Colleague: 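Have a look at this one before I ask anything.
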Amino acid sequence: MAITYELLHVCKQSGARLGRIHTPHGVIDTPVFMPVGTQATVKAMSPDELHAIGAPIILSNTYHLYLRPGHDLIAEAGGLHRFMNWSGSILTDSGGFQVFSLEGLRRLTDDGAEFQSHLDGSYHFFTPEKSMEVQNALGSDIMMAFDVCSPYPSSYEDVKEAGRRTHAWALRCQKAHSRSGEQALFGIVQGGMFADLRRWSAQTLVDMDFPGYGIGGLSVGEPKPVMYQMLEEIMPILPSTKPRYLMGVGTPDCLIEGAIRGVDMFDCVLPTRTARTGTLLTSKGRLVVRNAAYARDFGPVDPDCDCYCCRNFSRAYLRHLFKSEEILAARLATWHNLRFLVHLMEQIREAIAQDRLLDFKDEFFTNYGYSAENPQMTY
RNA sequence: GCCUUAGUAGCUCAAUGGCAGAGCAUUCGGCUGUUAACCGAAGGGUUGUAGGUUCGAGUCCUACCUGAGGCG
């Protein structure tokens with residue numbers, strides 16, 4: 001078994017799950033937030049710093065590493081862990097999301113997806129087998145099946161077709177990968193915003209028996225209540241003995257709402273991406289530190305945060321660094337945002353253990369400024 | 001003193017005699033399995049001053065002011 005999952009406790013108040021995943025590279029307490037390191041690096045952070053933040057697992061990307069520097073080169077370096085000197089766990093996305101996000105540079109068939117490289121325009125054909133080959137070469141602890149992510153909105157027929165392809169490809173991924181014992185392969189549930197297609201997709205993948213399940217095709221522009229409803233459709237079907245991974249989420253409210261609905265793993269570029277352009281997450285809501293309002297604010301970004309940035313630097317200094325386009329701005333802001341979300345997950349786990357996650361949600365939302373009148377507030 | 005040249009948004013500069021613009025800066029917004037140290041929007045003008053020519057002047061003419069260069 002490449003990974004094992006222990007369900008430690010179910011929150012009596014919310015139904016959220018407290019768990020633990022064991023991988024060849026360590027133990028992961030869940031629910032967990034996984035920082036995204038697309039190109040074999042979490043932008044602006046060193047591995048030591050990620051450890052200090054408390055991140056046990058990071059995400060990396062098949063498509064990007066296949067194009068550059070090449071999965072063969074990374075295999076030659078001894079695998080992705082050694083190449084990037086990350087001793088924790090790694091989950092690799094399959095390239096399926098790039099089929100979705102690089103729309104215009106690709107063509108889909110039942111066999112696979114033809115990409116045009118965003119780097120040099122060269123053509124590449126990606127199949128489920130190819131995705132497995134690349135992820136095997138990278139040596140990630142958790143690999144994702146090559147899937148088809150439908151844009152929002154999509155017609156019922158289009159989503160069903162994407163689901164059919166996703167399921168067929170999941171099976172091919174499973175076959176292509178069966179020789180490897182060190183890496184776990186997760187299937188990915190699709191089904192767009194259609195309840196019956198979501199249930200169909202979940203059941204189809206459960207029947208294939210994966211060691212864990214990704215939930216894809218959400219947070220692609222739909223209203224949040226719709227996403228929550230889709231989660232509620234899927235969860236009763238997924239086995240309680242396997243981890244569930246909500247892909248690409250997210251914002252603090254989505255992390256809490258997701259955990260309440262039984263999600264164990266999350267990833268999102270949001271904390272790192274927004275950090276680099278001056279948006280910070282705080283216990284009192286988001287703070288655009290580059291704004292003039294903070295020019296003479298010599299207090300920390302978030303008084304409740306224990307990160308290196310908040311313990312040592314002021315909002316005014318951070319704003320100065322951003323206005324001056326200094327590299328340290330991106331580093332400190334990323335450091336803070338990642339620590340904020342990792343810390344949020346720690347608080348969520350503690351609340352689950354104490355059977356009070358709904359209470360925690362109310363407290364957090366009140367402090368953060370989320371309101372019932374404005375559920376769609378971005379973050 | 002004379003000659004040449006320049007003066008337009010905070011800065012650097014565009015604009016056949018025909019709607020005064022851009023980049024940067026400033027201010028603000030956005031970012032959900034990263035094509036992203038990115039993308040977008042807004043504010044900002046008595047075109048050095050005073051006259052003149054013209055249907056119409058940033059543009060042509062005169063004088064003055066300020067800067068740069070040259071000659072004495």
Side-chain angles (χ1 to χ4, degrees), chain A residues 33-45 57-65 67-68 90-106 115-121 131 135 140 142-150 152 166 186 188-190 213-224 227 245-255 257-258 263 265-281 286 288-295 319 321-334 337 341 376-379:
Chain A
F33 177 80
M34 307 181 283
V36 177
T38 303
Q39 311 208 60
T41 169
V42 175
K43 294 183 194 298
M45 289 290 101
I57 177 171
I58 63 170
L59 205 79
S60 200
N61 189 276
T62 299
Y63 166 79
H64 290 277
L65 295 179
L67 282 183
R68 184 174 60 190
I90 298 176
L91 181 151
T92 42
D93 192 19
S94 62
F97 188 72
Q98 277 62 45
V99 174
F100 160 77
S101 65
L102 298 177
E103 192 181 8
L105 291 177
R106 48 83 163 166
F115 287 103
Q116 198 173 358
S117 164
H118 68 284
L119 298 174
D120 61 7
S131 180
Q135 293 187 71
S140 51
I142 298 172
M143 321 192 299
M144 300 305 296
F146 192 54
D147 65 332
V148 182
C149 178
S150 299
Y152 176 82
T166 293
F186 282 20
I188 300 177
V189 176
Q190 289 291 342
Y213 296 91
I215 300 161
L218 293 177
S219 68
V220 288
E222 78 282 8
K224 288 178 179 180
M227 176 171 86
Y245 160 33
L246 178 53
M247 308 181 74
V249 172
T251 61
D253 59 331
C254 289
L255 296 176
E257 298 284 7
V263 175
M265 306 163 70
F266 303 87
D267 82 282
C268 194
V269 302
L270 189 124
T272 45
R273 179 186 286 170
T274 62
R276 291 193 300 280
T277 57
T279 300
L280 302 177
L281 305 171
R286 54 186 259 176
V288 183
V289 79
R290 64 172 185 265
N291 285 359
Y294 306 111
R319 171 179 141 89
L321 292 179
F322 271 108
K323 302 305 282 186
S324 312
E325 297 182 51
E326 283 292 336
I327 294 171
L328 187 59
R331 281 180 41 67
L332 293 177
T334 300
N337 273 358
L341 289 191
Q376 198 52 31
M377 174 184 146
T378 31
Y379 55 95

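Every chain is numbered from 1 and lettered A, B, ... according to where its sequence line falls, protein lines coming before strand lines. Just so we're clear, the structure is a prediction, and the values are computed from it rather than from any experiment.
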Colleague: Would you say the ring centroid of Phe115(A) lies under 6.0 angstrom from that of Tyr63(A)?
Modeller: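 That pair passes the under 6.0 Å test.
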Colleague: Any base atoms under 4.0 Å from Asp267(A), or only sugar-phosphate, or nothing? Heavy atoms, all strands.
Modeller: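 Since only primed, P, OP1 and OP2 atoms lie under 4.0 Å of Asp267(A), the category is sugar-phosphate.
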Colleague: Counting only side-chain N and O atoms of Arg273(A), is one of them less than 4.0 Å from OP1 or OP2 of U32(B)?
Modeller: yes
Colleague: Taking OP1 and OP2 of U34(B), is either one under 4.0 Å from a side-chain nitrogen or oxygen of Thr38(A)?
Modeller: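 The answer is yes; a side-chain N or O of Thr38(A) sits under 4.0 Å from OP1 or OP2.
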Colleague: Can you tell me the pairing partner of G43(B) across any strand shown, Watson-Crick or G-U wobble, with both distances under 3.5 angstrom?
Modeller: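 Pair assignment: G43(B) / none.
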Colleague: Using the C1' atom as the point on both nucleotides, what is the distance between G40(B) and C19(B), in whole Å?
Modeller: 26 Å
Colleague: Does C2(B) have a Watson-Crick or wobble partner in any strand here, with both distances under 3.5 angstrom, and which is it?
Modeller: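 Matched C2(B) with G70(B) under the 3.5 Å cut-off.
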Colleague: I'd like to know if Thr277(A) reaches the base of C39(B) with its side chain such that a donor and an acceptor end up less than 3.5 angstrom apart.
Modeller: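 Under the 3.5 Å cut-off, the side chain and the base do not form any donor-acceptor pair.
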Colleague: Report yes if at least one side-chain N or O of Gln98(A) is closer than 4.0 Å to OP1 or OP2 of U35(B); otherwise report no.
Modeller: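 For U35(B), OP1 or OP2 has a side-chain N or O of Gln98(A) closer than 4.0 Å.
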Colleague: In the structure shown, which nucleotide is the Watson-Crick or G-U wobble counterpart of G18(B), with both distances under 3.5 Å?
Modeller: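 For G18(B), the partner nucleotide comes out as C55(B), under the 3.5 Å rule.
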Colleague: Check whether any side-chain N or O of Ser101(A) sits under 4.0 Å from OP1 or OP2 of G33(B), and answer yes or no.
Modeller: no
Colleague: Reckon Arg319(A) has a side-chain N or O less than 4.0 Å from the OP1 or OP2 of U27(B)?
Modeller: yes
Colleague: Looking only at N and O atoms, is any donor in the side chain of Arg286(A) or the base of G30(B) less than 3.5 Å from an acceptor on the other one?
Modeller: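 Checked by distance alone, the answer is no.
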Colleague: Say we look at A22(B) and G45(B): how far apart would their C1' atoms be, to the nearest angstrom?
Modeller: 15 Å
Colleague: Could you check whether the side chain of Thr272(A) and the base of U34(B) have a donor-acceptor pair of N or O atoms closer than 3.5 Å, going by distance alone?
Modeller: yes
Colleague: Could you tell me whether Gln190(A) contacts a base, only the sugar-phosphate backbone, or nothing, with contacts defined as non-hydrogen atoms closer than 4.0 Å?
Modeller: base
Colleague: Using whole Å, report how far CZ of Arg276(A) lies from P of G30(B).
Modeller: 18 Å
Colleague: Which whole-number value in Å describes the distance from His118(A) NE2 to U34(B) C1'?
Modeller: 9 Å
Colleague: Between G48(B) and A15(B), how far apart are the P atoms? Round to whole Å, please.
Modeller: 15 Å
Colleague: Roughly how far apart, to the nearest Å, are G72(B) and G58(B) at atom C1'?
Modeller: 34 Å
Colleague: With rounding to the closest Å, how many angstrom separate the P atoms on G69(B) and C13(B)?
Modeller: 16 Å
Colleague: Taking the inter-plane angle between the rings of His64(A) and His118(A) on a 0 to 90° scale, is it parallel (under 30°), tilted (30 to 60°) or perpendicular (over 60°)?
Modeller: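 The rings of His64(A) and His118(A) stand perpendicular, inter-plane angle above 60°.
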Colleague: Does any nucleotide pair with G23(B) by Watson-Crick or G-U wobble geometry, both distances under 3.5 Å, and what is it?
Modeller: C11(B)
Colleague: In Watson-Crick or G-U wobble terms, both distances under 3.5 Å, what is the partner of A50(B)?
Modeller: U62(B)
Colleague: Under 4.0 Å from OP1 or OP2 of A25(B): is there any side-chain N or O of Lys323(A) that close?
Modeller: no
Colleague: For U35(B) versus C31(B), give the span between their C1' atoms, rounded off to a whole number of Å.
Modeller: 14 Å
Colleague: Any side-chain to backbone donor/acceptor pair from Asp93(A) onto Gln98(A)? Under 3.5 Å, distance only.
Modeller: no
Colleague: Measure CG/Leu65(A) against P/U35(B) and give the value in whole Å, please.
Modeller: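 The distance from CG of Leu65(A) to P of U35(B) comes to 13 Å, rounded to the nearest Å.
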Colleague: Keeping Thr92(A) on the side-chain end and Ser140(A) on the backbone end, is there a donor-acceptor pair under 3.5 Å?
Modeller: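 No: the side chain of Thr92(A) does not pair with the backbone of Ser140(A).
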Colleague: Does Asn61(A) contact G33(B) through a side-chain donor or acceptor facing the base, at a distance under 3.5 Å?
Modeller: no
Colleague: Does the Arg331(A) side chain pair with the main chain of Ile327(A), one donor and one acceptor, at a distance under 3.5 Å?
Modeller: no
Colleague: Expressed as a whole number of angstroms, how long is the span from Asp253(A):CG to C31(B):P?
Modeller: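 Between P of C31(B) and CG of Asp253(A): 12 Å.
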Colleague: Could you please name the partner base of A37(B), counting Watson-Crick and G-U wobble pairs only when both distances are under 3.5 Å?
Modeller: none
Colleague: Suppose you measure atom P in G17(B) against the same atom in A25(B); what distance do you get, rounded to whole Å?
Modeller: 33 Å
Colleague: Determine the Euclidean distance between corresponding P atoms of C61(B) and U5(B); express it in Å to zero decimal places.
Modeller: 10 Å
Colleague: What contact category does Gly217(A) fall into here, base, sugar-phosphate, or nothing, at under 4.0 angstrom with non-hydrogen atoms?
Modeller: base
Colleague: Say whether, by atom type as modelled, one donor and one acceptor occur between the side chain of Thr279(A) and the main chain of Ala275(A) under 3.5 angstrom.
Modeller: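 No; zero donor-acceptor contacts below 3.5 Å.
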Colleague: For the backbone of Met144(A) and the side chain of Gln135(A), can you confirm whether one donor and one acceptor N or O come within less than 3.5 Å of each other?
Modeller: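 Side chain of Gln135(A) to backbone of Met144(A), a donor-acceptor pair under 3.5 Å: yes, one is there.
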